[in-house]
Amino acid sequence: MNKKGIRIMMLILGLFVFSVDTTPYQQLKRASSQRWASNSRIGARPHYQYLGPDEESIALSGTLYPELTGGQQDLAMLNAMALSGKPYALLSGNGEALGLWVIEQVEETHSHFHRNGAARKIAFNLSLKRVDDDKAQPATLGGFVNQLINENSLIA
């Protein structure tokens, strides 16, 4: 939180906020690829034709210390989001809309246990896959707003 008590987000997926004091990640790895078609030619190297963007993924990894940051309840929420099968709007900390993403995998490693078996340290890896088309980008923010309205109406 900043001096005014406002939580500063690193990233937001749907309504799930990644921030330094809740569920911080230490590494964000983003990968994107392009599609190319190969056309064989006699006596020459193949000719390649650009077909457009291919898959895009983000991998987040971090360590939670439940006594100081988020914990098992945050990972449970991410698992529930993954099981919903829904895409979620992804926004960067500076407010940039990054499109619609699904959670492919949530991986967690518990260690340094209390006597009751609760972990003092939880390492996590989160795999996201982009599912929208670049042409749908203007609708992304609208989808995010609709998602906020729908999820808030379920909570209230």
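Computed over heavy atoms, backbone and side chain alike; hydrogens, waters and symmetry mates excluded.
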Residues, nucleotides or ligands: over 12 heavy atoms within 6.0 Å of Met77 CE: no
Heavy atoms of other groups near Arg41 CZ, more than 12 under 6.0 Å: yes
Distance-minimising heavy-atom pair for [X] and [Y]:
{"X": "Thr69", "Y": "Leu64", "result": "OG1-CA, 3.6 Å"}
{"X": "Tyr25", "Y": "Met10", "result": "O-CE, 3.3 Å"}
{"X": "Asn79", "Y": "Glu108", "result": "ND2-OE2, 3.5 Å"}
{"X": "Asp132", "Y": "Gly99", "result": "OD2-CA, 3.3 Å"}
{"X": "Trp101", "Y": "Arg30", "result": "CZ2-NH2, 4.4 Å"}
{"X": "Pro87", "Y": "Leu100", "result": "CB-CB, 4.2 Å"}

Chi angles and distances behind the side-chain contact (heavy atoms from CB on, under 4.5 Å) call for Thr63, Ile122: CA-CA 6 Å; Thr63 304; Ile122 306 171; over 6 Å; no
Atom [atom1] of [X] and atom [atom2] of [Y]: how far apart are they, to the nearest 0.5 Å?
{"X": "Leu13", "Y": "Leu91", "atom1": "CG", "atom2": "CG", "answer": "9.0 Å"}
{"X": "Ile58", "Y": "Leu128", "atom1": "CD1", "atom2": "CG", "answer": "6.0 Å"}
{"X": "Leu11", "Y": "Ser92", "atom1": "CG", "atom2": "OG", "answer": "7.5 Å"}
{"X": "Gln73", "Y": "Thr23", "atom1": "CD", "atom2": "OG1", "answer": "7.5 Å"}

Candidate pair Phe16 and Asp74, rule side-chain contact (heavy atoms from CB on, under 4.5 Å), full reasoning: CA-CA 9 Å; Phe16 189 90; Asp74 297 298; 4.0 Å; yes
Qualifying residue for side chain to side chain donor-acceptor pair (under 3.5 Å) with Asn125, from Glu107, Gln105, Gln27: Glu107
Shared hydrophobic cluster, Tyr65 / Leu60 (ILVMFWY, side-chain heavy atoms < 4.5 Å): no
Selection residues 106-129 - residue pairs positive for ring-ring contact (aromatic ring centres under 6.0 Å, His included), sequence neighbours left out: none
Show which side-chain atoms of residues 32-40 pair as donor or acceptor with protein atoms under 3.5 Å away, not counting sequence neighbours.
unit_1: Gln34; atom_1: OE1; unit_2: Tyr50; atom_2: OH; d: 2.7
unit_1: Arg35; atom_1: NE; unit_2: Pro53; atom_2: O; d: 3.1
unit_1: Arg35; atom_1: NH2; unit_2: Leu51; atom_2: O; d: 3.2

By salt bridge (charged side-chain N to carboxylate O under 4.0 Å, His left out) - contacts of Glu55 (at least two apart): Lys129
Intermediate values then yes/no, side-chain contact (heavy atoms from CB on, under 4.5 Å), Leu126 and Phe18: CA-CA 12 Å; Leu126 181 67; Phe18 292 89; 3.6 Å; yes
